[in-house]
Number of protein chains: 2
Amino acid sequence: MLSCNPGPLFQKVMPISPSSEICRDSMISEDAICSLARLIGDPDKARARARKLASLMDQIESEDCEGEVEVFKAAADPCRFRILKLLKEGELCVCEIMAALKKPQSSTSHHLSILREAGLVKERKDGKWSYYRLADGAVIEMVKHARAVKKK
Amino acid sequence: MLSCNPGPLFQKVMPISPSSEICRDSMISEDAICSLARLIGDPDKARARARKLASLMDQIESEDCEGEVEVFKAAADPCRFRILKLLKEGELCVCEIMAALKKPQSSTSHHLSILREAGLVKERKDGKWSYYRLADGAVIEMVKHARAVKKK
DNA sequence: ATTATATATCGGCAAATATTGATATGATCT
DNA sequence: AGATCATATCAATATTTGCCGATATATAAT
């Protein structure tokens, strides 16, 4: 996989080796260390970079990101994104959303359940009707920034 | 599909019918009109609601949302989301990202290309190395709001 | 009670996406 | 030039996701 095996480059930055304290403390892999070998000629920089990478890796392993990913997944579909835009104007019942999207009832309901479980929309039952609305102002902000990203 | 066909409920809100000016002007479907029948006993409210829905539908048909959806799709994957978090701390080369994610080179490169094409990250070439960084502050803001959504 | 209505859920198929080894490209070093 | 290295792209497979008809559930009207 990694073509970056211990070789000439690696030898030159020996101060950072698999046996160094950076490796022991943070479980940083030999491959990772190895990739730092590109900083030839400056072992100090390489060491600093290894430390940084090590701390990033620790952070990544500890934090879970399933929640955020679920939110993005929910918004990452044309139908569901349109639903979010519809709901910006206020709450609507499934019937109306279905009509606006021109999708069958089962599809509409399914998309709504994904949005609901991800926390993007909230449901309010009233008799046999279900009304959906945006869960939070954060949803609108998120969409706004997504648009800003794409603008460039 | 729609069980909401012209029936007793529909008859009661006849003022809003497929032949009304709302229908003609905005291509609002009979199904949509029909779904408004739930506002029985208040044709004025129903008419207002039909107009609102009609304008929402027009808006939805005209605006394209592919850009935003592409941004969300790019962020909606655990690997790619981790990459975004990694890059919050500054630019990294593919080699380091690959090491931090513990994914093969081809996967890492592929994910980076998706992030790049969606506009979330930028690339800088330096010799044989490619350095990636977040494209914009808007990316961080977007992630922040996604987290806020999930917090509840 | 029976029927009609609004929504949710199931199930199977089709389309999209992720994964990864193999190969290609392009840069650097010897 | 030839070898090595970092990254990108290709191609085949595996997994996930969307779609929609059929069915289930629950509420309200008759």
Side-chain angles (χ1 to χ4, degrees), chain A residues 1-12 31 34-41 69-70 72-83 92-99 101-118 123-132, chain B residues 1-12 31 34-41 69-70 72-74 76-81 83 92-99 101-118 123-132:
Chain A
M1 53 170 271
L2 280 172
S3 62
C4 192
N5 287 320
L9 287 178
F10 181 59
Q11 307 307 328
K12 291 190 186 167
D31 287 339
C34 191
S35 76
L36 296 165
R38 65 192 171 61
L39 292 164
I40 311 163
V69 168
E70 192 189 352
F72 285 128
K73 269 192 177 140
D77 174 273
C79 278
R80 293 195 291 268
F81 185 75
R82 279 194 205 102
I83 292 176
L92 293 172
C93 73
V94 179
C95 211
E96 292 171 306
I97 297 169
M98 170 180 37
L101 292 179
K102 296 182 176 120
K103 287 275 176 187
Q105 185 269 324
S106 62
S107 301
T108 307
S109 182
H110 180 236
H111 284 307
L112 283 167
S113 77
I114 289 173
L115 288 170
R116 174 163 33 84
E117 277 173 36
E123 189 191 17
R124 177 176 70 85
K125 294 245 188 198
D126 180 12
K128 54 183 167 179
W129 288 278
S130 290
Y131 291 89
Y132 282 88
Chain B
M1 53 171 267
L2 280 172
S3 64
C4 191
N5 288 320
L9 286 179
F10 181 58
Q11 306 310 324
K12 291 190 186 167
D31 286 340
C34 191
S35 75
L36 297 166
R38 63 192 171 62
L39 291 164
I40 311 162
V69 167
E70 191 189 351
F72 285 129
K73 269 193 177 139
D77 173 276
C79 277
R80 294 197 289 268
F81 185 75
I83 292 175
L92 294 172
C93 73
V94 179
C95 211
E96 291 171 307
I97 296 169
M98 169 180 40
L101 291 180
K102 296 184 177 118
K103 288 275 177 184
Q105 186 269 325
S106 62
S107 302
T108 307
S109 183
H110 179 236
H111 283 307
L112 283 168
S113 77
I114 289 174
L115 288 170
R116 174 163 32 84
E117 278 173 37
E123 188 190 18
R124 177 176 69 86
K125 295 245 186 198
D126 181 11
K128 55 184 167 179
W129 288 278
S130 289
Y131 292 89
Y132 282 87

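These numbers come from the heavy atoms of this one structure, side chains and all, not from hydrogens, waters or symmetry mates. Every chain is numbered from 1, with letters handed out A, B, ... down the list of sequences.
- Each of dT7(D), dA6(C), dC19(D) was ranked by its minimum atom distance to the side chain of E123(B); first place goes to dT7(D).
- Listed candidates were dT7(C), dT19(C), dT7(D). Nearest to the side chain of S109(B) is dT7(D).
- Looking at which nucleotide of DNA chain D each of C79(A) and D126(A) is closest to, the 5′-most match is held by C79(A).
- The closest side-chain heavy-atom distance from E96(B) to M98(B) is not below 4.5 Å.
- Each of R80(A) and G127(A) lies near DNA chain D, and the nucleotide nearest R80(A) is the one positioned closer to the 5' end.
- Atom-to-atom, NZ of K102(A) to P of dG18(D) comes out at 22 Å; the value is rounded to the nearest Å.
- Nearest nucleotide to the S106(B) side chain, out of dG18(D), dT17(C), dG21(C): dG21(C).
- Here Y132(A) reaches the OP1 or OP2 of dA8(C): one of its side-chain N or O atoms lies under 4.0 Å away.
- Remark: H111(A) is not in phosphate contact with dT17(D), judged by side-chain N or O atoms under 4.0 Å from OP1 or OP2.
- The nearest whole Å value for the distance from the CD1 atom in I83(A) to the C1' atom in dT7(C) is 14 Å.
- Distances were taken from every side-chain heavy atom of K103(A) (C-beta onward) to each of dC19(D), dA8(C), dA27(C); the shortest belongs to dC19(D).
- Nearest nucleotide to the side chain of P104(B), out of dG21(C), dA8(D), dT9(C): dG21(C).
- The shortest side-chain heavy-atom distance between Q105(A) and S109(A) falls under the 4.5 Å cut-off.
- When rounded to the nearest whole Å, the span between CD of E70(A) and P of dT17(D) equals 11 Å.
- Taking the side chain as every heavy atom from C-beta outward, H111(A) and K103(A) never approach each other to under 4.5 Å.
- In this structure, K73(A) reaches the dT17(D) phosphate: one of its side-chain N or O atoms is under 4.0 Å from OP1 or OP2.
- With a 4.5 Å cut-off on side-chain heavy atoms, F72(B) and K73(A) do not count as touching.
- For K128(B), counting side-chain heavy atoms from C-beta on, the closest listed nucleotide (dT17(C), dA27(C), dA8(C)) is dA27(C).
- At least one side-chain heavy atom of Y131(B) sits less than 4.5 Å from a side-chain heavy atom of D126(B).
- Within 4.0 Å (heavy atoms only), I114(B) reaches sugar-phosphate atoms of the nucleic acid but no base atom.
- To the nearest angstrom, C1' of dT23(D) lies 16 Å from NE2 of H110(A).
- For dA8(D), its base sits under 3.5 Å from the side chain of Q105(B) at one donor and acceptor pair at least.
- Atom CD1 in I97(B) sits roughly 9 Å away from atom P in dA8(D) (whole-Å rounding).
- In this structure, NZ of K125(A) is placed 9 Å from C1' of dT25(D), rounded to the nearest angstrom.
- A side-chain donor-acceptor contact under 3.5 Å links R80(A) to the backbone of A74(A).
- Distances from the side chain of S130(B) to the nucleotides dT7(C), dT7(D), dG21(C) place dT7(D) closest.
- Atom CZ of R124(B) is separated from atom P of dT7(D) by 12 Å (rounded to the nearest Å).
- Per the geometry, CG belonging to L101(B) stands 12 Å off P belonging to dT20(C), to the nearest Å.
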